[in-house]
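Working notes for the structure below.
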Amino acid sequence: MSLQRITAEYAASLIENGQTIGLSGFTPAGTAKCTPAEIAKKAEREHEAGRPFRVNMLTGASTGQSGDGALSNAHALDYRAPYTTNPDFRKHVNCNEINYSDLNLSNMATQIRQHYVPMVDWAIIECCEYEEVGDKVRIYLTAAGGISPTVCRLAQRGIILEKNAFHSPKSMGLHDVYELETHPYRTPIMITKASDRIGKPYVEVDRNRIVGVIECDIPDEARSFKDADPITTQIGQNVADFLVHNMRTGQIPSSFLNLQSGVGSGANAVLGALGHCPEVPNFNIYTEVLQDAPVGLIREGRVLSASTCSLTVTNDCLRGIYDDIDFFKDKLVMRPSEISNCPEVIARIGVCALNTAIECDIYGHVNSTKICGTKMMNGIGGSADFASSAYLSIFTCGSTTKGDAISSIVPFASHIDHTNHYIDAVITEYGVADLRGKSDMQKAEALIEVAHPDYRPMLREYQKLAAKGGGQTNHCLSAAFAMHDTFLRKGDMRLTDWSEYVK
């Protein structure tokens, strides 16, 4: 008997108040779309009727508007982990309407297995195809690996499939599905190069655990990328020059390193700039998200192979991959997030981690998640997974934002996601602050040099104030957040008088 066809509305009717859904996908790529949108509609109906209705949602990373956006606006989320970038979710979580747990993405599946987060009731999985083989069903995922193997195995009430015709069945061989064993019986992950495959191209489940199949044809809720601008172009060139110098001096191997790059237009532009630097040799990518620029570099032969969790690309780019699958099938592999982001593998194969900072303080601590320490911009994602285990860990940022009203280099980070122990270099359009082998005070000198010229005198003035207090790392605690405070009061960090902050 074939699997039952159901509607998304019927699927949503199965979800009850207080239950936990686990979604496929990683970023909006590969995320189930129909059922979450219908759950949001159900929540609105329940609330109008005066009945409580909120669910918990676990994912590989962020989702799109049909998930995080619609559910947040319908006040349908109670607990959410581990990561999101959706602006509507951001608005509601910053009002403390949602219990949000920001987690390292490599650890999400493990925390589900350890029962540190709510147990999964329903797995809602997008697939491009499935095969019924005896009493088993093989689920072929779409544009991302995420936590799908784990939520499929552990879902207590059942699995709902969304068979999305937008994703071509030609992509059936791109995934390498492998789930870690339970502690303390884990075996080594046998990946020694980006192109290695160690699992199966599908998620396999018992047939009787699948509640039904929803058929749809919905594009991924893809993000567009801003064109490179003079600042991102210069940052990219600075990164390339730094890596080439390291290669020439023997600090990185002449065969180069596997590259990882974070999410967003800036990261996309930096990786594109690296690919177009003739002195950078052809390279491999081991990352969590693959964006448009590196896909183009694969076509050009600059990227030899790419391992990722997610094809976080525009829909035109994704269609191009599907259309040219014979070209990409031996150059591209998608993995579950606990493998794509696994510190063990990252440390073994030698990765250069390229991530983006919101702000960096003069001693090298990085804030990548919260504006002025309080307003969530996005989760930590996989940046810590890579930064803590990378051969070379680099954070990039423009020296200022908001028309130069905010400096990205500050006396003390208003929130710290990455301590300076794991950060080798910070790169802005003004140059490279190489932090390796430096004391905290030497790091401060290097970081002030890559700040925007308008802010360098200000930061040096802070140094003078901080030096009066002494210590191995100088700080004037009463003035440490003066620039942030000035921005909150006046809309611009550029203060001219430190005296009111010195006590």
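Hydrogens, waters and symmetry mates play no part in the numbers below; they use all other heavy atoms, side chains included.
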Practice task
Please report the shortest heavy-atom distance between Cys127 and Thr142, naming the atom on each side.
Solution key: C-CG2, 3.4 Å

Practice task
Measure the acute angle between the ring planes of His475 and Tyr363, then classify it against the limits of 30° and 60° as parallel, tilted or perpendicular.
Solution key: perpendicular

Practice task
Say whether Thr31 and Glu126, considering side chains only, have a donor N or O and an acceptor N or O under 3.5 Å apart.
Solution key: no

Problem - For Val177 against Pro149, the heavy-atom pair lying closest together - result: CG1-CG, 3.6 Å

Problem - Residue pair Gln463 / Asn474, side-chain donor-acceptor N/O under 3.5 Å - result: no

Exercise for the section: Examine the side chains of Arg348 and Thr192 and answer whether a donor and an acceptor come within less than 3.5 Å of each other. Expected result: no

Problem - Near-ring test Phe89/Tyr100, centroid separation under 6.0 angstrom - result: yes

Practice task
Start with the C-alpha gap between Arg113 and Glu179, add the side-chain angles, then the distance that decides, and say whether salt bridge (Lys or Arg N to Asp or Glu O under 4.0 Å) holds.
Solution key: CA-CA 11 Å; Arg113 289 191 288 265; Glu179 189 180 5; 2.9 Å; yes

Handout entry: Any side-chain donor near an acceptor of the partner, Arg494 and Ser407, under 3.5 Å
Key = no

Practice task
For Asn367 and Thr369, work out which heavy atoms get closest and say how close.
Solution key: OD1-N, 3.0 Å

Completion exercise
Shortest non-hydrogen pair, Cys128 vs Met172, comes out as SG-CG, 4.0 Å

Handout entry: Charged tip of Arg319 within 45° of Phe166 ring normal and under 6.0 Å
Key = yes

Handout entry: Heavy-atom neighbours of Phe327 CZ exceed 12 at 6.0 Å
Key = yes

Exercise for the section: Determine the interplanar angle of the Trp498 and Tyr462 rings, folded into 0 to 90°, and report it as parallel if under 30°, tilted if 30 to 60°, perpendicular if over 60°. Expected result: tilted

Handout entry: Centroid-centroid distance, His175 to Tyr140, less than 6.0 Å
Key = no

Practice task
Examine the side chains of Ser399 and Thr428 and answer whether a donor and an acceptor come within less than 3.5 Å of each other.
Solution key: no

Problem - Over all atoms of both residues, closest heavy-atom pair of Leu459 and Met483 - result: CD2-SD, 4.0 Å

Problem - Closest approach of Glu221 to Pro28 (non-hydrogen atoms, all atoms of both residues) - result: O-CB, 3.3 Å

Handout entry: Exercise: do Asp385 and Asn341 side chains pair donor with acceptor under 3.5 Å
Key = yes

Practice task
Tell me, yes or no, whether the heavy-atom count around Met441 atom CE, taken from other residues, nucleotides or ligands under 6.0 Å, exceeds 12.
Solution key: yes

Fill in the blank from the handout: Partner of Leu243 under side-chain contact (heavy atoms from CB on, under 4.5 Å), picked from Leu392, Asn238, Leu257, is Leu392

